[in-house]
Amino acid sequence: MKPATGYASQPRAMDPRSTEAWALAEASRRLVLAARITDDNGEALRTALILNQRLWSIFQASLIDPSCELPKDIRDNVLALSILVDRHLMQRLGDLDGSKIQPILDINRSIAEGLSAQPERATDVGAAPAAPANPAPVTGKNAQPFMNLTA
């Protein structure tokens, strides 16, 4: 089984937050798919892990840029998460064990959900609460991308 090489189509004219959420979802989708491939000596997983590493490197560079407009506490929290992601990515690049990618998927999902959330407006105060998020995907034969970006 060969890894999927095409990108899930990204809608045009997305705001930066939506683009970042899409990128995290796409990176996670590729990790899940690559973790299922067992006949390529881990090459698909290595490629998906490196993609995820590059994405988080871009986030890190943006967060430490002096022109970053995010509040310092949010920047610090995301940078702390990025260190955790880096650690997990390096461990998985070392052992290419697709059954241990769940922490990466969980962090990607949490950040993507936060980026996708729309800020509350004053008129939304009495609105019904949002539906709970879907649980994180599992790894292995039954793994599913947490967002279906190919539909």
Side-chain angles (χ1 to χ4, degrees), residues 3-37 44-93 97-151:
T5 56
Y7 291 90
S9 62
Q10 178 184 12
R12 294 179 187 227
M14 293 178 72
D15 66 276
R17 288 172 60 107
S18 296
T19 301
E20 292 165 350
W22 173 86
L24 284 164
E26 178 64 13
S28 293
R29 182 186 73 83
R30 289 175 183 225
L31 276 173
V32 170
L33 293 175
R36 294 180 185 167
I37 299 171
L45 185 57
R46 178 179 284 111
T47 299
L49 288 164
I50 290 170
L51 172 70
N52 213 298
Q53 182 184 31
R54 287 179 181 162
L55 180 60
W56 277 93
S57 293
I58 292 168
F59 291 155
Q60 291 166 340
S62 297
L63 290 165
I64 62 171
D65 187 316
S67 66
C68 180
E69 296 180 3
L70 286 175
K72 184 178 179 345
D73 60 330
I74 293 174
R75 283 195 321 261
D76 291 346
N77 287 338
V78 177
L79 283 169
L81 277 175
S82 75
I83 293 169
L84 184 61
V85 170
D86 282 346
R87 185 177 309 133
H88 283 288
L89 287 168
M90 290 300 121
Q91 289 171 342
R92 297 302 63 86
L93 282 165
D97 187 345
S99 69
K100 297 178 181 177
I101 62 170
Q102 195 62 51
I104 301 166
L105 298 173
D106 290 342
I107 294 170
N108 282 0
R109 185 196 72 238
S110 294
I111 298 296
E113 286 174 356
L115 289 166
S116 296
Q118 297 299 319
E120 282 190 32
R121 295 179 297 217
T123 57
D124 293 341
V125 173
N134 291 333
V138 295
T139 58
K141 288 188 332 189
N142 297 325
Q144 296 293 321
F146 71 87
M147 296 180 72
N148 185 3
L149 297 174
T150 59

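Because the structure is a prediction, the values reported are computed rather than measured.
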What distance separates [X] [atom1] from [Y] [atom2], expressed to the nearest 0.5 Å?
X      : Y      : atom1 : atom2 : value
Ile101 : Asp106 : CD1   : CG    : 10.0 Å
Leu63  : Asn77  : CG    : CG    : 10.5 Å
Asn52  : Leu89  : CG    : CG    : 5.0 Å
Ile104 : Arg87  : CD1   : CZ    : 12.0 Å
Ser28  : Ile111 : OG    : CD1   : 11.0 Å
Leu24  : Arg109 : CG    : CZ    : 12.0 Å

What is the minimum heavy-atom distance between Ala27 and Leu51, and which atoms define it?
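What the structure gives for the nearest pair is CA-CD2, 4.2 Å.
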
Shortest non-hydrogen contact from Asp86 toward Gln60:
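Residues Asp86 and Gln60, closest heavy atoms: OD2-NE2, 2.8 Å.
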
Given Glu20 and Arg17, is the salt bridge (Lys or Arg N to Asp or Glu O under 4.0 Å) satisfied, shown in steps?
CA-CA 5 Å; Glu20 292 165 350; Arg17 288 172 60 107; over 6 Å; no

Quick one: which residue pairs count as a ring pair (Phe, Tyr, Trp, His ring centres under 6.0 Å) with a foot in residues 63-91, not counting sequence neighbours?
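Non-adjacent pairs meeting ring pair (Phe, Tyr, Trp, His ring centres under 6.0 Å): zero.
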
For residues 54-84, which residue pairs pass the ring pair (Phe, Tyr, Trp, His ring centres under 6.0 Å) check, not counting sequence neighbours?
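Output for this query lists Trp56-Phe59.
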
Any donor-acceptor pair under 3.5 Å from Arg30 side chain to Ala48 backbone:
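No.
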
With no hydrogens and no angle check, is any side-chain donor or acceptor of Ser82 less than 3.5 Å from a backbone partner on Leu79?
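Yes: the side chain of Ser82 pairs with the backbone of Leu79.
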
Could you walk me through whether Leu93 and Gln53 satisfy the side chain to side chain contact (heavy atoms under 4.5 Å, CB included) test, starting with their C-alpha distance in whole Å, then the side-chain angles of each, then the deciding distance to 0.1 Å, before giving a yes or no?
CA-CA 10 Å; Leu93 282 165; Gln53 182 184 31; 4.0 Å; yes

Can you check whether Leu31 reaches Arg92 side chain to side chain, under 4.5 Å on heavy atoms?
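Not touching, per the 4.5 Å side-chain cut-off.
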
